[in-house]
Trainee: 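I have a structure I would like to understand better, so I am pasting it below and will then ask my questions one at a time.
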Amino acid sequence: MISPLPLVAALGRHALGLTAALGDYALFTAESFRSALRTRRLGRRFLRSIYEQGALCLPVILIVGAFTGLVLGLQGYYVLNRFGSQGLLGALVALSLVREMAPVLAALMLVGQAGSALAAELGIQRNSEQIVALETMGVNSHGYLVAPRLLAALVVFPLQTALFVAVGLWGGSISGSLLLGVEDGVYWSAVERAIEFADVRECFWKAATFGLLTMSVCAYYGFNAHRCHGATGARAVSTSTTRAVVLSSIVVLAADYVITSFLV
Amino acid sequence: MTPASDFLLRVEDLHKCFGEQPVLTGVTLDVPRGSVFSVLGPSGAGKSVLLKCVAGVEVPDRGRISFDGRPLASENPAADADFRRRCSFLFQSNALFDSLTALENVALPLEQTTDLPERDIRARSLEALRQLELDRFADRHPGQLSGGMQKRLALARAIVTRPELVFFDEPTAGLDPLRRNAVFAMIARYQRQFGFTALVVTHDVPEALLVSDRVALLEHGRIGFCGAPAEFSASADPRVAEFRDSPAALERALTGIRAGEIPNRDEP
């Protein structure tokens, strides 16, 4: 009979490894926030991070937001038309965007652009000894490199999500009013009646949580690129960046489910 | 005998392993204040690891490091912070921030470790650039500078905090002979000008002997020799002789090949 012990041992090793990695990530994030308090001239780097995550990612948010609204308008109209409720198109588009699609899609777009850039930049800085150089100068590398990015994410993700919602609603109105003949006033009044404060609060909660989780995961992978298993140099940077983007995307969807189940 | 207070840095019985591989196996050395101290040794001897252990980048497994008479240890953060304020590290790769200009690179340690006003930081950074003859390139990024200028920029960043001890990790790695001479001349010149203590790790023997006050030979994770350059040149120790006379050994090996005699590998 084959002994189950090796299988149990392998499972145990994986479980311990996962627990250690989660603990390491939690300590990394906590140290980044703690060191923010002791970092000099944080404001300048915070504004630079706002620019990187905000202004540089604006085009992708506008484009994806507009197309999401256009598609929601089209699909929503054909579904509602079956029940003779085209007047509720504005409500459908608004609630879909605010409660679910805007925070998730905006976060995924920001992971693709700002998150991957962050992981790659930190990975290269690790590779070229820039992070070690900071430590030898007595500069806290978490405070200097990571903290401003995490603080900026807490501000930028909700703002980008709000912009995504605004552009998406406009896209929905183009589909509904201009292309399919729903009255413009009917569309916008349905939007106004549908959205409640609780929906907006949930939207911002989600956006801020996604921002913190995704940027910290990307920073963690880039910062620790030298610890990437089975890869060194440029390969370690590319592997770390890929893992950061994939894991961040999964984290967004998993956290979305958890937050929704608590807030609904 | 030199009094203990004349040593800025003391390393005693330092050990470091990476996995099962021992790299440092009991390194002991004393670096006199205000001197250029070079650690020589073949590639893979553990020179850079020794430097990183001393600078606090790597954590040694065992041993004792004292700076200015105070032991450095993770449980003594005040001494550790004081040490970091008073020393600088010049990396083999220069480790310059390529997204920052030359001026911003030099200003970085002052911005992040002092409460000096912006105006003073700028003045001191420009002064460091001027001393290294780089003030005309203050607005350039490191990628727009030549290899030698990048090395000088890294040195400007290292000295802008007015350190007492500067670590040089293979400062001439990958440079041609002319640039190698220029870098060693730069180390000697600025060490005299600013008065810092320099701990240099290199395998360029002739150049190191010319600029150093003391040299040590690191071999198989231990210090095999430590003394003045003249003592190193005159030493009959076979380990020193083998490393010091490696160009002559190459010449002997090439003599037979040039004469058309291909040596039999199996013969000793």
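All chains are named by letter (A, B, ...) in the order of the sequence lines, taking the proteins before the strands, and each is independently numbered beginning at 1.
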Trainee: If contact means a heavy atom pair closer than 4.5 Å, which residues of residues 46-59 of chain B contact chain A?
Mentor: K52(B), V57(B)
Trainee: Could you check R45(A) against E111(B) for salt bridge (Lys or Arg N to Asp or Glu O under 4.0 Å), going step by step and ending with a plain yes or no?
Mentor: CA-CA 12 Å; R45(A) 294 195 57 80; E111(B) 281 178 354; over 6 Å; no
Trainee: Does anything in residues 83-91 of chain B get under 4.5 Å of chain A by heavy atoms, and if so which residues?
Mentor: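 Within residues 83-91 of chain B, near chain A: R84(B), C87(B), F89(B), F91(B).
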Trainee: Considering only heavy atoms, which portion of I124(A) lies under 4.5 Å from any heavy atom of chain B: side chain, backbone, both, or neither?
Mentor: neither
Trainee: Closest heavy-atom contact between S99(B) and R48(A)?
Mentor: CB-NH2, 4.2 Å
Trainee: Please give me the minimum heavy-atom distance between R157(B) and A133(A), naming the atom from each residue.
Mentor: NH2-CB, 3.9 Å
Trainee: So which atom in R41(A) and which in T114(B) form the shortest heavy-atom distance, rounded to 0.1 Å?
Mentor: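 Heavy-atom minimum between the residues: NH1-O, 3.6 Å.
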Trainee: What pair of heavy atoms forms the shortest contact from S128(A) to S93(B), and how long is it?
Mentor: O-OG, 3.5 Å
Trainee: Check this for me: F67(A), atom CZ, are more than 12 non-hydrogen atoms of other residues, nucleotides or ligands nearer than 6.0 Å?
Mentor: no
Trainee: Donor-acceptor pair, Q112(B) side chain versus R40(A) backbone, under 3.5 Å?
Mentor: yes
Trainee: So what's closer than 4.5 Å to chain B heavy atoms on R38(A): side chain, backbone, both or neither?
Mentor: neither
Trainee: Does any heavy atom of chain B fall under 4.5 Å from the side chain of T136(A), the backbone, both, or neither of them?
Mentor: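 Both backbone and side chain.
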Trainee: So what's closer than 4.5 Å to chain A heavy atoms on T161(B): side chain, backbone, both or neither?
Mentor: neither
Trainee: In Å and rounded to the nearest 0.5 Å, what is the OG1 to CE distance from T113(B) to M137(A)?
Mentor: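 Atom-to-atom, T113(B):OG1 and M137(A):CE are 9.0 Å apart.
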Trainee: Does any backbone or side-chain atom of D115(B) lie under 4.5 Å from a heavy atom of chain A? Answer side chain, backbone, both or neither.
Mentor: both
Trainee: May I ask you to test the F97(B)-L134(A) pair for a side-chain heavy-atom distance under 4.5 Å?
Mentor: yes
